[in-house]
Amino acid sequence: AMTASSGHDTRLYARDHEMVAILNAQHQNPHYLGDIELPKGIRASTDAAAVLDGADTVLAVIPAQAMRDGLSKLKTLIPQSAPVILCAKGIERGTGRLMSEVVAEVLPDHTIAALSGPSFATDVARGLPTAVTIACADATIAEELAAILSGPAFRCYSTTDLKGVEIGGALKNVLAIAAGAAIGRGYGASAQAALVTRGFAELRRIAQAMGAKPETIMGLSGLGDLMLTCSSPQSRNYSYGLALGRGEDLSNRPLAEGVATAPIAAELCERHAIAAPIIAAVAALLAGKITINEAVTALINRPLKSED
Ligand SMILES: NC(=O)c1ccc[n+]([C@@H]2O[C@H](COP(=O)([O-])OP(=O)(O)OC[C@H]3O[C@@H](n4cnc5c(N)ncnc54)[C@H](O)[C@@H]3O)[C@@H](O)[C@H]2O)c1
Ligand SMILES: O=P(O)(O)OC[C@H](O)CO
């Protein structure tokens with residue numbers, strides 16, 4: 001929707017024939033975006049070759065755990081000259097790879113960029129004001145992509161800190177589960193603020209250890225997306241946490257990337273001796289190893305320390 005609103009010829013590849021037919025005929029995507037009117041310029045197809053033929057830029061909007069498989073199937077169809085913009089927020093289970101690292105393995109000769117920041121799909125599709133960050137190691141390409149993607153209500157900042165942008169996007173989902181679980185369990189807004197703030201300290205620590213820039217973590221793709229995702233039931237990760245906290249059935253829920261990212265993020269922190277007790281608690285909670293009450297009690301009773 002954002003590229004079409006900015007006047008670009010926008011083609012969408014999807015596997016679901018019914019969704020493609022409805023999108024082309026009614027300019028809506030009822031299953032994901034309700035009755036929002038999408039720009040008429042979007043043309044959808046189940047024919048990946050036709051969609052990707054001659055594409056200048058490719059946006060990869062596949063869940064993080066399916067990114068390797070999804071792009072592997074399409075890799076011979078993606079034009080060599082087209083930068084691939086990753087929109088997924090997560091760390092690959094099993095390998096611990098960031099999405100850019102996954103894609104560097106699948107498409108080693110392509111320019112890779114990552115688009116992240118506080119942006120609910122429904123808000124963007126409605127044309128509500130949104131600001132995000134695009135990262136690419138090549139500063140000129142990052143600026144060009146920011147210009148291409150920006151539109152009347154969509155403002156895109158650029159950075160060369162690909163890792164920083166990806167780490168913020170992946171970990172805010174894990175922390176949103178913690179925030180939602182605390183609210184769902186009835187711990188209240190003060191506990192929620194404490195979890196988000198101390199979760200942000202963990203994010204800063206991890207980012208520093210991975211060589212990301214502090215400004216990126218303080219920016220839209222870090223703090224910005226953390227604030228959004230940890231405070232709104234519109235977030236699937238926050239709502240997953242809410243449901244967990246309330247003891248509701250967790251099957252058949254929409255995608256919550258933090259569920260898959262939490263255990264691998266916790267494992268990476270442990271391996272690199274980075275203190276991340278909230279991320280570890282989310283992983284343990286999701287694995288059924290502890291209850292929310294036990295997690296909160298353990299967090300609040302950790303040895304006292306300086307606030308760093
Ligand atoms: N929805 C949002 O508000 C939003 C905003 C910013 C970023 N993101 C990120 O974008 C990524 C995707 O999220 P989403 O909201 O589109 O998820 P979604 O579950 O709504 O949709 C994902 C789509 O990918 C398709 N898909 C799954 N596996 C595939 C494969 N192997 N090949 C091709 N297609 C495949 C699914 O059929 C589905 O249509 C996530 O990492 C999410 O964090 C989402
Ligand atoms: O619904 P969520 O939790 O996947 O969040 C969507 C976006 O990442 C918000 O920026």
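As the structure lists them, so they are numbered: ligands from 1, and atoms in each ligand from 1.
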Numbering as shown, the atoms of ligand 2 that approach P118 to under 4.0 Å (heavy-atom distance): 10 (O)
Element-labelled atoms of ligand 2 that are located less than 4.0 Å from some non-hydrogen atom of T229: 3 (O)
Considering all heavy atoms, the nearest D161-K213 contact: OD2-N, 2.8 Å
Heavy-atom nearest neighbour in the protein, as seen from atom 9 (C) of ligand 2, with distance rounded to 0.1 Å: D225 OD1, 3.5 Å
Residue pair T229 / D225, side-chain donor-acceptor N/O under 3.5 Å: yes
Shortest protein heavy-atom distance from atom 5 (O) of ligand 2, along with the residue and atom involved: K172 NZ, 3.4 Å
Side chain, backbone, both or neither: L255 near ligand 2, heavy atoms under 4.0 Å: neither
S119-ligand 2 polar pair, N/O distance under 3.5 Å: yes
Top protein contact for atom 4 (O) of ligand 2, by heavy-atom distance: R236 NH2, 2.9 Å
Where Q65 and E257 come nearest, the two heavy atoms and their spacing: N-OE1, 4.5 Å
Y238 side chain to N173 side chain, donor-acceptor N/O pair below 3.5 angstrom: no
Side chains of R11 and Y13, donor plus acceptor under 3.5 Å: no
Atoms in ligand 2 flagged as close to L228, the criterion being non-hydrogen separation under 4.0 Å: 9 (C), 10 (O)
S235, portion touching ligand 2 at heavy-atom distance under 4.0 Å: both
N237, portion touching ligand 2 at heavy-atom distance under 4.0 Å: both
P254 near ligand 2 by a heavy-atom separation under 4.0 Å: no
Short side-chain donor-acceptor distance under 3.5 Å, E166 and S116: no
Donor-acceptor pair between N293 and R185 side chains, under 3.5 angstrom: yes
Carboxylate-amine/guanidinium contact R271 E267, below 4.0 Å: yes
Contacting atoms of ligand 2, where contact means under 4.0 angstrom from a heavy atom of K89: 7 (C), 8 (O), 9 (C), 10 (O)
Under 3.5 Å side-chain donor-acceptor pair for T3 and T10: yes
Distance-only side-chain donor-acceptor flag, T95 / E92, under 3.5 Å: yes
Close-range residues for ligand 1, whose non-hydrogen atoms fall below the 4.0 Å threshold: R15, Y32, V61, I62, P63, A66, D69, G70, C87, A88, K89, S119, F120, A121, R236, L255, E257
Nearest heavy atoms of A82 and H110, plus distance in Å: O-CD2, 3.3 Å
Nearest atoms (heavy-atom pairs only) where T261 meets A170: CG2-O, 3.8 Å
Proximal ligand 2 atoms for G117, defined as those under 4.0 Å from one of its heavy atoms: 10 (O)
